[in-house]
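Working notes for the structure below.
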Amino acid sequence: MTDASAPLVVGDTSQRSDDDLLAGLNPPQLEAVTYRGQALLIVAGAGSGKTSVLTRRIASLLRAREAWPSQILAITFTNKAAGEMRERVGQLVGEASRGMWISTFHSACVRILRREAQQFGFTSAFTIYDSGDSRALLKRLVKEHEADAFGLTPAAVQGRISKLKNELADAESYARQANMSDPAERIFVEIFGDYQRALQRANAFDFDDLIAQTVYLFRAFPQVADVYRRRFRHILVDEYQDTNHAQYALIHELTRPPVGATPEPYADSGMMIFEAPKHDAIGAEAVGAALTVVGDSDQSIYAFRGADIRNISEFERDFPGAKVVLLEQNYRSTQNILSAANAVIGHNFDRKDKKLWTDSGAGEKIVGFTGYSQHDEAQFVADEIEVLHKKDVPYSEMAVFYRTNSQSRALEEIFIRSAVPYKIMGGTKFYERAEIKDALAYLVAIANPVDEMAIRRILNKPKRGIGDVTETAIARYAEENEMSFRDALANPSAMGFGPKIQKALLHLDEVLVEASALMLPATGELAPPTAVAEGLTLLLNKSGYLDALRASRDPQDEARLENVDELVAVTREFARNNPEGTIIDFLTEVALVAAADDLDDTSGSVSLMTMHTAKGLEYDSVFLTGVEEDLIPHRISANEPGGPSEERRLFYVGVTRARKRLYLSLAMTRAQFGEVTVAMPSRFLQEIPAELIEWRQSPGDVNSRGGMQSRALNARKPGSWGGRRSENPPALAPRSTSLDKFPNRVPAKVRDNGEMELASGDRIRHDDFGEGHVDAVTGEGAKRVAHVRFEAVGAKKLLIKIAPIEKL
DNA sequence: CGAGCGCCGTTTTTT
DNA sequence: ACGGCGCTCG
């Protein structure tokens, strides 16, 4: 650990006034940087300079010697954001920034767990299972329990387990309150328990465990928790609106005052605890860490994975005496973009009204475009990108967003044809490719030999003639003899296999042994930085994996070979950046990369990504594509309580990423499941004042002209609409132009419930809030208000005439 | 045990 | 439209 080993900047730096830190801040920003107290909530609208405020706040704590670097824990949403923050703090305070913990929730928890794993039955070499890994494990368990007969698919089970873990429910606690007379429920409980035991046996945590188990650890071992409570005196959490319950609990545990009585200068795990600077009171042991959270409830877009908006809306209740600072001035976007964003988000009720503003002028109008097909739309985007590029907008300052990953395909096709350089962030991620997972499984097999999943994965890759029967036999032998799968595999002669299989297994064992010797140095010895790269190369060569790919005549295997080479290059790069990095460090880094953590962002390409991935990023020019009903808002969200509101926030996030130019595009038809369907413009377009948008081609244009000529080169593929039909698809038949002209037409159902009668005791359903029970009705005529208790979201007051409700 | 074929479900978002 | 998975046959 390098924690705090670097000295604070000395001499004039610390004496110097904070002018440079505070320069150019507006009053609320200033307050956010300089406020000192136990709890601070910074409500930071999009583009309000929150990163700058956070970094300056940290810098000012360090400069004033109110905290040592090692006493600061800053949680960001992505590793990339963490890196940027570290760099920016470094620019302000130099070397003093070393030793801070700036990382994501998951990275911070891994760090803690690696240190403390042996406290509760794991080793520090534990594996991190990504969703694919846990899916594979669950698949086996679901099969074993024949649970599919009860409608329990691996995906469904995985979803439920994830949700439960985010709520800090474990298998036992859930079992206690489950309805065990329901057979499906009983089997689910069994699978959950088996799953957890399998993880434990494999010395592995899944993503959700990383958080939840850290919380358990702190609760079960208060003296361990105390180590971290004493250590971190300032905790800062970004994107607080997207924290889930487990993360919230973790923060709570960390900000609690230490309970133990004996502060030791050196804690058990060898971590150094520094005494507080003497002129300050923060060393008082009874006080919990100061907490700063930054968030914007309008940008909460992760409810589907357990983010609980109440964490931020009830912050003041959770932390009495908390200070709240509002940052509303936007420094990113033009007023036109902000006005559009404000208008859209204003349609969400149940939100504190908050309006972004800027003093930098209206800027260009938002450009709208309606393509005939998704390819047509993509061609518009590609053409426009070229126009911008000729105007000296670098490709790296342009981004294309979409709601679902599958939409990227059409864009890619057209971009390739149009020679637009692009990179896709996230998507089918590099690390999810089969060949990469294979290669990583070899590494896991070295680092964590009890991880049976990893060994099973590589058992027959490349093909060694080892099939299901052999695999099961090894597993049974291992179980009978109470040894690990890895050890069983090492003496195949005991299992009565044929000579061919014995030879194959022995060879695999030899390769693994040899690689272990290379990559896992004896205790005390330091492995050379190149160990991971060399070990991986050795594994892939001697196992025959590369040979098999090379020998294959499947054209895709060539690409796979390149990908594996790329992974080897990644290990070399890792060695350069982390001279002391071990195989475990490498696997950790790889397991926790996020979609937005792109490796090279100086690549001079246009970025393509989902709107979710776009959160926290900003670009000069942004293309928001597929702005259609059933896409954004997504069809599936329509029936979920709070779904439509969350979709609106997602759209809002997309819009507010743009600094100067925003393009909103859609297609009139979209191919889905191989079928062409008619798309309707998104309701969110309606919510933007018409004068803000300049339509290059409005939905009305496309309709009334009876089909545009497709500009997409490949729109004439046989089987798609172009070839056969000379007439227009019937659904797009021309209509009268004037009334059709966009804004005022599309799905705009102005809501009017008329004289809907509601009385206390009625049950209603609300588009966003779900079902609820009417407690009372007050007011008269058009202003009658229903007081409703919703099952999902609690009590709300609704204007009966216009609320999106129906009586049940 | 492995290759080939046909069927099915897929597309919401992610650490 | 496509890929993944399971089934069947060699």
Side-chain angles (χ1 to χ4, degrees), chain A residues 75-82 103-110 128-132 134-136 139 143 153-155 158-159 162 165-166 205-212 239 242-244 246-247 300-307 401-410 413 425-429 431-432 434 460 462-471 497-498 500-501 504 554 556 588 590-597 609-615 626 630-640 643 646-647 649-651 653-654 670-677 717 719-720:
Chain A
I75 302 286
T76 57
F77 203 66
T78 63
N79 297 301
K80 188 182 179 193
S103 68
T104 63
F105 270 108
H106 289 85
S107 302
C109 286
V110 168
I128 300 164
Y129 278 13
D130 68 17
S131 336
S134 50
R135 177 79 120 261
K139 205 169 185 174
K143 205 168 183 179
T153 63
Q158 185 177 33
S162 175
K165 287 185 175 179
N166 286 334
F205 296 106
D206 67 20
F207 275 141
D208 302 313
D209 275 344
L210 295 177
I211 315 290
E239 307 286 6
D242 281 323
T243 51
N244 61 36
Q247 293 166 334
S300 159
I301 55 172
Y302 282 108
F304 72 91
R305 72 173 197 208
F401 302 156
Y402 35 80
R403 174 67 234 272
T404 66
N405 281 305
S406 61
Q407 288 167 253
S408 69
R409 180 171 290 186
E413 280 175 22
M425 309 193 51
T428 309
K429 278 184 289 197
Y431 292 106
E432 283 167 17
N460 199 32
K463 304 227 179 318
R464 305 183 168 93
I466 300 171
D468 210 28
V469 179
T470 310
E471 185 179 327
F497 294 133
K500 214 178 132 203
I501 289 181
D554 181 341
Q556 292 206 328
T588 301
V590 161
L592 297 180
V593 287
D597 298 338
M609 70 192 85
T610 66
M611 294 183 205
H612 281 90
T613 302
K615 189 168 79 151
D630 291 347
L631 220 40
I632 175 85
H634 198 275
R635 171 198 310 252
I636 292 175
S637 73
N639 297 320
E640 292 166 6
E646 178 145 319
E647 296 286 308
R649 290 193 294 268
L650 184 57
F651 186 78
V653 166
R670 191 164 289 274
Q672 215 178 3
F673 306 135
E675 251 171 89
V676 176
T677 55
K717 264 199 245 158
S720 69

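FYI, side chains are in, hydrogens and waters are out, and symmetry mates aren't considered; it's all heavy atoms of this structure. Chain letters run A, B, ... following the sequence lines, proteins first and then strands; every chain starts at 1.
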What nucleotide, of B:dT15, B:dT12, B:dG2, holds the atom closest to the side chain of A:K463?
B:dG2

DNA chain B: A:E646 or A:R464, which has the more 5' nearest nucleotide?
A:R464

Non-neighbouring partners of A:Q247 that pass side-chain contact (heavy atoms from CB on, under 4.5 Å), sequence neighbours left out:
A:F105, A:H106, A:I211, A:T243, A:N244

In whole angstroms, how far is the C1' atom of B:dT10 from the CG atom of A:N405?
13 Å

To the nearest 0.5 Å, atom CG of A:L592 lies from atom CD1 of A:I128 at 4.5 Å

To the side chain of A:F304, which of B:dG2, B:dT13, B:dT11 is closest?
B:dT13

Residues in ring-ring contact (aromatic ring centres under 6.0 Å, His included) with A:Y402, at least two apart?
none

Going by atom types alone, do A:S134 and A:Q158 pair a side-chain donor with an acceptor below 3.5 Å?
yes

Assuming nearest nucleotide by heavy-atom distance, tell me which of A:I501 and A:R403 is located more 5' along DNA chain B.
A:I501

Could you state the atom-to-atom distance from CZ of A:R649 to P of B:dT13 in whole Å?
18 Å

Among B:dT12, C:dC2, B:dT13, which nucleotide has an atom closest to any side-chain atom of A:I636?
B:dT12

Separation of A:M425 atom CE from B:dT14 atom P, in whole Å?
12 Å

For A:Y129, is there any backbone N or O sitting under 3.5 Å from a side-chain donor or acceptor partner on A:D206?
no

With heavy atoms under 4.0 Å as the rule, sort A:T610 into base, sugar-phosphate or nothing.
sugar-phosphate

Sequence neighbours excluded, which residues qualify as side chain to side chain donor-acceptor pair (under 3.5 Å) partners of A:D209?
A:K165, A:Q196

Under-4.0 Å side-chain N/O to phosphate OP1/OP2 contact, A:H634 with B:dT12:
yes

Check the distance between B:dT13's P and A:Q407's CD and give it to me in whole angstrom.
9 Å

Distance in angstrom units between A:R409 CZ and B:dT10 C1', rounded:
12 Å

If the condition is ring-ring contact (aromatic ring centres under 6.0 Å, His included), which residues does A:F205 pass it with, not counting sequence neighbours?
A:F122, A:F126

Any N/O pairs under 3.5 Å between the protein and nucleotides 8-10 of chain C? List them or say none.
none

Between B:dT11 (C1') and A:I632 (CD1): distance, integer Å
14 Å

For A:Q672, check side chain to side chain donor-acceptor pair (under 3.5 Å) against everything at least two apart and list the hits.
none

In whole angstrom, what separates A:R635's CZ from B:dT11's C1'?
10 Å

Partner residues of A:S300 under the side chain to side chain donor-acceptor pair (under 3.5 Å) criterion, sequence neighbours left out:
none

Just the atom pairs and distances: protein N or O near nucleotides 4-7 of chain C's N or O, under 3.5 Å.
{"unit_1": "C:dC5", "atom_1": "OP1", "unit_2": "A:K139", "atom_2": "NZ", "d": "3.2"}

For a quick check of understanding: with a heavy-atom distance under 4.0 Å over all strands, which category does A:R670 fall into, base, sugar-phosphate or nothing?
nothing

Which is true for A:F105 with a 4.0 Å heavy-atom rule: it touches a base, it touches only sugar-phosphate, or it touches nothing?
nothing

Contact class for A:L592 (heavy atom, under 4.0 Å): base, sugar-phosphate, or nothing?
nothing

Nucleotide B:dT14, atom C1' - distance to CZ of A:F207 in whole Å
9 Å

When all nucleic acid strands are considered with a 4.0 Å heavy-atom cut-off, which category describes A:N460: base, sugar-phosphate, or nothing?
sugar-phosphate

In Å, rounded to the nearest 0.5 Å, how long is the span from NE2 of A:H612 to OG1 of A:T404?
11.5 Å

Sequence neighbours excluded, which residues qualify as ring-ring contact (aromatic ring centres under 6.0 Å, His included) partners of A:H634?
none

Indicate whether OP1 or OP2 belonging to B:dT13 is found under 4.0 Å from a side-chain N or O atom of A:S637.
no

Which of B:dT12, B:dT15, B:dC1 is nearest the side chain of A:T470? It is B:dC1

